[in-house]
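Here the structure comes first, spelled out in structure tokens, and everything after it is commentary.
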Amino acid sequence: MNIAVFSAKPYDQEYLSRANAALSFSSSSSQPHKLTFHEFSLSAETVQLARGADAVCVFVNDILPSAVLHALHDVGVRAVLLRCAGYNNVDLDAAEKLGLFVANVPSYSPEAVAEFAVALIQTLNRKTHRAYNRVREGNFSLNGLMGRTLCGKTVGVVGTGKIGVALARILRGFGCRLLAFDPFPTDAFRDLGEYVELDRLLAESDFVSLHCPLTASTKHIINGKTLGMMKKGAMLINTSRGALVDTKSVIDALKSQHLGGLALDVYEKEGSLFYQDHSAEIIQDDDFMRLMTFPNVLVCGHQAFFTEEAVTEIAECTMRNLEDFANRVPCKNSLVKQGHVLARRESLPVRI
Ligand code: NAD
């Protein structure tokens, strides 16, 4: 099969090529699939580069609304392989109508993301990012670096799927009290903490960490109203999807000092910024630049997943999904099947 791989960074090329070679070595077909790598993202402008490909392989900031899916179908593409868990960037209804195969990598290392969320919590809380810079300048003053002992604090986990539960397990080790909100509660979290309604979680938590998917119903779940429900001085951590947080409202809450700190691994307009070097440019996103002015804001460029183990599993699972498509056998990671959207798409229609 011919695969056009978009948003393919050097590490994607290395790990996918390795997984492809291993697949052809272990499977009955001795020919590896042909991977064509494009560093740029898939969009209406670049879709023609997929001509001749059987499948496209895409990442979080490749946006596939109906028009792009139709264009892909027109140039002969029949499969969309997501190298990520979230699928808010693909119009699955349109894909279903076109009969396209769409599969994701539902779990590649929930611990990698959960551990990164803990790193963000503690960096923001204990201000080690500021201490690092100070000490390098020969400034050993502790003024302004005071944090709070995490043990005994309440952490609110919004979304207790694989990552939310992995986070809760780690934070139990820190001695935190855990609250969670999820419309689909599980025993895995009940063993670690208490399910409450979102308003109570917001009112009682010292740290709120977001781990629900981005859907029409969760877009801007953190907005002016819900920020107002949060405890004064509480900190917000988002390692899920940027658009869960209304950036303008969060800026207001930081200015009024109601919100005590913000750590983002994802940002609602990250598509035009993340995974590229813009260091020699004038960044035009004023909201993003305003966020950069706060000493209690920490932003990373969507790297919570980025461990050797997770990237290996992403590549291998993507190739397994491709093999299922190529061999026309049922794929357990298919998001659209036989004209029916799968049950695990419990959310409302995508809004892009
Ligand atoms: P998951 O599907 O295992 O869990 C998601 C949970 O969210 C489910 O329990 C679901 O019931 C719950 N949920 C749905 N709607 C909700 C709502 N309105 N309020 C609260 N909870 C709700 O997913 P996961 O593997 O735990 O991943 C969670 C999210 O993390 C993904 O959707 C993805 O966007 C993000 N993610 C980010 C990175 C990164 O590198 N930053 C990496 C992987 C995943």
Side-chain angles (χ1 to χ4, degrees), residues 1-27 29-65 67-90 95 100-106 108-109 112 266 270-279 301-327 331 333 335:
M1 294 229 142
N2 287 326
I3 323 302
V5 185
F6 287 86
S7 300
K9 303 297 173 200
Y11 45 84
D12 294 308
Q13 302 187 20
E14 180 189 338
Y15 281 75
L16 281 168
S17 299
R18 199 183 297 162
N20 188 30
L23 196 72
S24 61
F25 184 71
S26 62
S27 74
S29 80
S30 55
Q31 289 291 319
H33 300 290
K34 182 170 182 296
L35 306 178
T36 304
F37 295 109
H38 303 294
E39 275 231 24
F40 45 83
S41 58
L42 176 62
S43 66
E45 288 73 41
T46 61
V47 75
Q48 290 302 326
L49 271 299
R51 188 175 289 281
D54 303 290
V56 290
C57 180
V58 297
F59 196 46
V60 290
N61 290 325
D62 296 297
I63 309 299
L64 287 81
V68 169
L69 292 168
H70 274 88
L72 285 173
H73 190 265
D74 288 348
V75 299
V77 169
R78 292 294 175 266
V80 175
L81 305 164
L82 291 161
R83 306 196 295 280
C84 52
Y87 41 87
N88 53 284
N89 51 336
V90 183
L100 290 172
F101 171 94
V102 185
N104 69 342
V105 181
Y108 39 85
S109 177
V266 287
E270 70 179 50
S272 59
L273 291 175
F274 287 9
Y275 302 124
Q276 306 289 340
D277 181 0
H278 296 284
S279 58
H302 207 144
Q303 68 171 87
F305 73 97
F306 201 51
T307 65
E308 282 177 23
E309 294 79 0
V311 176
T312 300
E313 176 53 21
I314 288 170
E316 290 178 354
C317 182
T318 300
M319 298 314 294
R320 288 196 297 271
N321 290 343
L322 174 64
E323 280 285 280
D324 288 345
F325 168 69
N327 296 324
C331 175
N333 300 323
L335 295 166

Any S17 side-chain heavy atom under 4.5 Å of F37 side chain: yes

- prompt: When the aromatic ring centroids of F305 and F59 are compared, is their separation below 6.0 Å?
  reply: yes

- prompt: Hey, mind stepping through R51 and V77 against side chain to side chain contact (heavy atoms under 4.5 Å, CB included) and telling me if it holds?
  reply: CA-CA 7 Å; R51 188 175 289 281; V77 169; over 6 Å; no

message: Looking at R83 and E313, is there a salt bridge between them, counting it only when a charged N and a carboxylate O are closer than 4.0 Å?
response: no

message: Can you tell me how far apart CE (M319) and SG (C57) are? Round to the nearest 0.5 Å.
response: 8.0 Å

- request: Taking all non-hydrogen atoms of both residues into account, name the closest pair between A85 and Y108 and its distance.
  value: N-CE2, 3.8 Å

Test item: R78 side-chain N/O and A55 main-chain N/O as donor-acceptor pair under 3.5 Å: no

- request: Report the distance from atom CG of L35 to atom CD1 of I3, rounding to the nearest 0.5 Å.
  value: 6.5 Å

message: Please find the pair of heavy atoms, one from V60 and one from I63, that lie closest to each other, and give the distance.
response: O-CD1, 4.4 Å

message: Under a 3.5 Å distance rule, please check whether Q13 uses its side chain to pair with a backbone N or O of A8 as donor and acceptor.
response: yes

- request: Report, as yes or no, whether the 6.0 Å neighbourhood of atom NE2 on H73 holds more than 12 heavy atoms from other residues, nucleotides or ligands.
  value: yes

- request: List the atom of S43, the atom of V68, and the distance in Å for their closest heavy-atom pair.
  value: C-CG2, 4.1 Å

query: Between atom OG1 of T312 and atom OH of Y15, what is the distance when rounded to the nearest 0.5 Å?
result: 5.0 Å

message: When you compare the side chain of F325 with that of L81, does any pair of heavy atoms fall below 4.5 Å?
response: no

Heavy-atom check, side chain of V56 versus side chain of L72, under 4.5 Å: yes

field: Within 6.0 Å of CD in E308, more than 12 heavy atoms from elsewhere
entry: no

task: Compute whether any side-chain donor of one residue and acceptor of the other, for N333 and N104, lie under 3.5 angstrom apart.
output: no

field: K34 side chain near M1 side chain, heavy-atom distance below 4.5 Å
entry: no

- prompt: Taking all non-hydrogen atoms of both residues, which atom of A112 and which atom of A310 are closest, and how far apart?
  reply: CB-CB, 4.4 Å

field: Criterion side chain to side chain contact (heavy atoms under 4.5 Å, CB included) on L82 and V90, from CA distance to verdict
entry: CA-CA 9 Å; L82 291 161; V90 183; 3.7 Å; yes

field: Backbone of N20 reached by a side-chain donor or acceptor of H33 within 3.5 Å
entry: no

task: Mind checking the OG-CG spacing from S41 to N89? Nearest 0.5 Å is all I need.
output: 11.0 Å

task: Find out whether L322 and T318 are in side-chain contact, i.e. whether some heavy atom of one side chain is under 4.5 Å from a heavy atom of the other.
output: no

statement: Of all heavy-atom pairs linking V47 and A71, the shortest is CG1-CB, 3.7 Å

task: Could you tell me whether the side chain of H38 reaches within less than 4.5 Å of the side chain of V5, counting heavy atoms only?
output: no

query: Does the side chain of D12 come within less than 4.5 Å of S7's, by heavy atoms?
result: no

- request: Enter the distance from R18:CZ to L23:CG here, rounded to the nearest 0.5 Å.
  value: 14.5 Å

- request: Give the minimum heavy-atom separation between G271 and N61, together with the two atoms involved.
  value: CA-CG, 3.9 Å

- prompt: How many angstroms lie between atom OG1 of T46 and atom CG of D62, to the nearest 0.5 angstrom?
  reply: 7.5 Å

message: I'd like to know whether T36 forms a side chain to side chain contact (heavy atoms under 4.5 Å, CB included) with N2, so could you lay out the CA-CA distance, the side-chain angles of the two residues, the decisive distance to 0.1 Å, and finally the verdict.
response: CA-CA 8 Å; T36 304; N2 287 326; over 6 Å; no

Side-chain heavy atoms of F306 within contact of Y11, under 4.5 Å: yes

